Amino acid sequence: MDLPPDVHLKDLCLDGRLNEALVEMAVLGSKVRFRGYDALVTECVRRKAHRVGQLVHAHMLKTRYRPSVYLDTRLLIMYDECGLLDDARELFDGMPQRNVVSWTAMISAYSQRGCQIETMVLFRLMLQTGLFPNEFTLATVLASCVNAHGIVHGRQVHSVAIKNNYESHVYVGSSLLNMYAKGSEIHDARIVFEMLPERDVVSCTSIISGYAQLGLDEEALHIFQKLFKQGMECNYVTFASLLTALAGIAALDYGKQVHALVIRRQLPFYVVLQNTLIYMYAKCGNLLYSRRVFDNMPEKTVTSWNAMLVGYGDHGLGREVLCLFNSMKDVKPDSVTYTAVLSGCSHGGLAEEGLEIFDKMVNDKELQPKMGHYACIVDLLGRVGKIEKALEFIKNMPVEPTIAMWGSLLGACRVHGNFSVGEYIAQELLHVEPKNAGNYVILSNIFADAGKWEDVIRVRDMMKGRTILKEPGRSWINLNKTVHTFHSSDRSHPQKDKVHAKVRELYEKIKEIGYVPNLSCVLYDVDDEQKERMLLGHSEKLAIAFGLMYSYEVGILRITKNLRICVDCHNFAKFVSKMSGRELSVRDCKRFHFIANGTCSCGDFW
DNA sequence: ATAGGGTTAG
């Protein structure tokens with residue numbers, strides 16, 4: 001019985017002897033058939049051997065071998081996996097026939113490289129040829145619709161999925177819900193999730209991380225708890241997403257429980273989880289644990305260093321940031337590292353050091369400074385009162401200043417009492433974003449501090465008739481594994497009367513030792529008595545009062561706030577710490593404030 | 001042969 005001539009070639013490939021197989025191919029010439037080529041291409045994909053892959057392809061052309069759709073597609077995949085997108089496309093364009101797999105492979109090549117437009121263009125072309133997409137195609141296309149713009153296309157792909165009866169497929173479903181979550185349509189994401197007939201780790205993780213990435217941390221925790229009780233499978237991605245959410249709500253006790261779970265299960269990619277743990281402990285105010293996790297890591301990635309640097313920076317520990325940064329060995333700082341270090345210097349009041357590092361970064365030319373880095377420098381100069389210099393820096397930047405940058409400089413003007421520049425910036429800002437209440441508040445504070453009361457009234461008048469958008473203030477405190485959340489002038493908390501009475505009591509007591517309410521923090525057109533009442537309703541005051549009422553241990557009182565703490569609440573907290581002898585930690589959206597004995601670690605700059 | 005979720009910053 002005659003054996004096909006390329007059987008040996010196939011065996012060599014299966015044995016991983018690619019060089020010998022290559023020789024065999026050359027020797028066989030036009031006697032190489034499908035099985036030989038298929039084996040060669042498979043081995044090239046496995047080894048990512050693009051050079052040999054190109055030789056195999058060239059050999060087919062030279063010997064006038066006509067590859068089947070299958071083999072052409074395998075070649076296409078080979079080129080894609082070896083990183084040769086252009087070769088893949090050229091082959092695709094020249095294919096005499098294409099099937100769903102060919103199209104999907106080509107689309108996937110673009111999708112995985114983040115080429116959204118080309119992905120959609122090809123998908124449309126595919127539909128125009130009359131071919132029906134399968135579950136692979138749909139999952140691939142949807143995976144590239146993962147931003148605010150993509151959701152427009154994503155919705156259309158969704159309807160294609162419904163028409164072809166793939167909506168409930170696990171892979172398509174998780175792509176779909178992820179697409180909606182990334183497009184900030186978490187409600188639609190939830191509907192897709194709830195309608196899935198079967199769920200797996202990925203779809204469950206997708207919905208959890210969907211909530212977490214939108215900052216809906218409590219919702220992320222709730223759905224995790226529910227799914228966990230139902231016995232969902234968890235892997236390192238699940239726990240990483242969950243820990244991010246727990247960091248957001250500063251839920252230290254839950255964080256430790258997850259840490260324990262992660263240790264018990266001995267999950268793979270523990271490095272990633274440790275990075276997230278460093279971050280979580282820091283955001284929960286437990287820097288000691290962050291550092292212990294960091295120190296115990298047998299291997300660190302740049303993300304580990306970044307997370308630790310961010311932790312120190314959030315706590316205003318500039319010296320520790322610098323010390324850690326200078327001890328970075330075997331790891332190259334990346335763009336995030338510099339953001340963390342510069343922002344750490346800023347929060348720690350180390351302007352000179354920060355500027356030096358920025359110069360070093362510019363001179364090294366390895367990393368191009370980005371908007372975030374420039375913003376840190378503006379913040380840094382503003383902090384030490386070099387307002388004019390910051391203005392000059394902004395004018396000389398190679399990038400357009402952002403609203404946030406002006407906002408930070410405006411804050412600096414308030415602290416340093418520079419109301420001429422402050423007013424100039426505020427006017428600009430009120431023009432660009434007339435609906436942001438924060439700008440009015442700071443401007444009003446600046447005028448109030450300068451005693452220019454007629455200007456305070458003017459600011460208030462400017463707000464009249466404009467719709468002022470302000471994210472509602474929200475503060476919370478974790479006691480006994482429960483998150484107690486308070487909104488401004490909260491009327492919903494079950495203990496509301498007691499809490500309000502407690503705030504009032506604290507208020508009377510600290511007035512005796514010098515606290516004066518800062519009425520310019522209220523921008524509503526009401527009389528002073530009403531303003532005072534509104535000030536006392538601020539969510540962080542409610543959380544502080546609640547904490548004093550229900551935490552019996554003498555330890556530090558940890559409050560978290562979604563916005564920046566206001567001047568009056570900051571002052572209130574300082575006086576409460578002085579009067580009660582308790583230490584307070586207030587984490588606002590910018591940093592930690594450690595308040596003890598009437599002073600704050602932020603040095604009244606934030 | 002082709003497919004889905006993820007860590008640090010802002």
Side-chain angles (χ1 to χ4, degrees), chain A residues 38 41-42 45 68-78 80-81 98-109 111-112 133-144 146 166 169-179 181-182 189 196 199-210 212-213 234-244 247 269-280 282-283 290 300-311 313-314 334-344 370-376 379 402 404-405 408 589-590:
Chain A
D38 187 37
V41 175
T42 304
V45 170
S68 57
V69 191
Y70 174 89
L71 202 51
D72 264 341
T73 308
R74 296 296 320 265
L75 280 167
L76 192 164
I77 293 162
M78 183 273 295
D80 172 31
E81 301 237 325
R98 305 179 192 106
N99 61 19
V100 203
V101 182
S102 333
W103 279 98
T104 306
M106 195 64 242
I107 292 172
S108 165
S111 162
Q112 289 187 346
N134 64 15
E135 65 272 38
F136 291 80
T137 324
L138 292 166
T140 307
V141 173
L142 285 166
S144 82
V146 283
Y166 286 118
H169 185 274
V170 222
Y171 279 55
V172 177
S174 53
S175 295
L176 263 175
L177 75 91
N178 188 46
M179 181 271 291
K182 291 271 162 56
L196 282 178
R199 299 163 176 171
D200 64 0
V201 219
V202 179
S203 48
C204 289
T205 304
S206 285
I207 193 71
I208 294 167
S209 81
Q213 281 169 7
C234 298
N235 60 21
Y236 83 102
V237 183
T238 322
F239 287 120
S241 304
L242 179 62
L243 282 167
T244 307
F269 303 103
Y270 191 41
V271 190
V272 173
L273 286 167
Q274 283 172 313
N275 295 342
T276 319
L277 284 165
I278 294 170
Y279 175 73
M280 182 276 294
K283 287 283 178 196
S290 293
K300 298 178 178 73
T301 62
V302 70
T303 307
S304 325
W305 292 86
N306 293 347
M308 198 64 237
L309 288 166
V310 169
D314 279 352
D334 65 4
S335 164
V336 178
T337 315
Y338 279 102
T339 312
V341 173
L342 294 176
S343 125
K370 287 194 250 177
M371 184 53 74
H373 304 113
Y374 290 112
C376 285
D379 212 62
T402 60
M405 235 179 231
S408 112
C589 68
K590 199 87 179 167

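The structure displayed is predicted, hence computed values, not measured ones. Lettering follows sequence order; numbering is per chain, from 1.
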Between [atom2] on [N] and [atom1] on [X], what's the gap in Å once rounded to a whole number?
X        : N      : atom1 : atom2 : value
A/Ile207 : B/dG5  : CD1   : P     : 14 Å
A/Leu243 : B/dG5  : CG    : C1'   : 16 Å
A/Met179 : B/dA3  : CE    : P     : 19 Å
A/Asn275 : B/dA9  : CG    : P     : 11 Å
A/Tyr338 : B/dA9  : OH    : C1'   : 15 Å
A/Met78  : B/dT2  : CE    : P     : 14 Å
A/Tyr279 : B/dG6  : OH    : C1'   : 14 Å
A/His373 : B/dG10 : NE2   : C1'   : 10 Å

Touch check for [X], heavy atoms < 4.0 angstrom, all strands: base, sugar-phosphate only, or nothing?
X        : result
A/Thr303 : base
A/Lys182 : sugar-phosphate
A/Glu81  : nothing
A/Val302 : nothing
A/Ser108 : sugar-phosphate
A/Val172 : nothing
A/Ser335 : nothing
A/Ala340 : nothing

I'd like to know if [X] reaches the base of [N] with its side chain, counting only an N/O donor and acceptor under 3.5 Å.
X        : N     : value
A/Asn235 : B/dG6 : no
A/Thr205 : B/dG5 : yes
A/Ser174 : B/dG4 : yes
A/Asn99  : B/dA1 : yes

Which nucleotide in the list [options] gets nearest to the side chain of [X]?
X        : options              : result
A/Ser241 : B/dA9, B/dG6, B/dA1  : B/dG6
A/Val272 : B/dG5, B/dT7, B/dA3  : B/dT7
A/Ala143 : B/dT2, B/dA3, B/dG4  : B/dG4
A/Thr244 : B/dG4, B/dT8, B/dA3  : B/dT8
A/Gln112 : B/dG4, B/dG5, B/dT7  : B/dG4
A/Ser343 : B/dT2, B/dG10, B/dT7 : B/dG10
A/Val310 : B/dT2, B/dG6, B/dA9  : B/dA9
A/Tyr171 : B/dT2, B/dA9, B/dG4  : B/dG4
A/Ile77  : B/dA3, B/dA1, B/dG5  : B/dA1
A/Tyr70  : B/dG4, B/dA3, B/dA1  : B/dA1

Donor-acceptor pair, [X] side chain versus [Y] backbone, under 3.5 Å?
X        : Y        : result
A/Thr402 : A/Met405 : yes
A/Thr276 : A/Val272 : yes
A/Thr205 : A/Val201 : yes

Quiz item: With sequence neighbours excluded, what pairs up with A/Tyr171 under the side-chain contact (heavy atoms from CB on, under 4.5 Å) test?
Solution: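 side-chain contact (heavy atoms from CB on, under 4.5 Å) check on A/Tyr171 returns A/Ala139, A/His169.
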Quiz item: Quick one: which of A/Thr301, A/Asn275, A/Asp334 gives a side chain to side chain donor-acceptor pair (under 3.5 Å) with A/Asn306?
Solution: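 Only one option passes, and that is A/Asp334.
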Quiz item: Is there a donor-acceptor contact under 3.5 Å linking the side chains of A/Ser102 and A/Asn99?
Solution: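 Yes.
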Quiz item: Just by distance, with hydrogens left out, do A/Asp379 and A/Ser408 show a side-chain donor and acceptor under 3.5 Å apart?
Solution: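 The answer is yes; a qualifying pair exists.
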Quiz item: Taking OP1 and OP2 of B/dG6, is either one under 4.0 Å from a side-chain nitrogen or oxygen of A/Gln213?
Solution: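 For A/Gln213, the contact criterion (side-chain N or O under 4.0 Å from OP1 or OP2 of B/dG6) is met.
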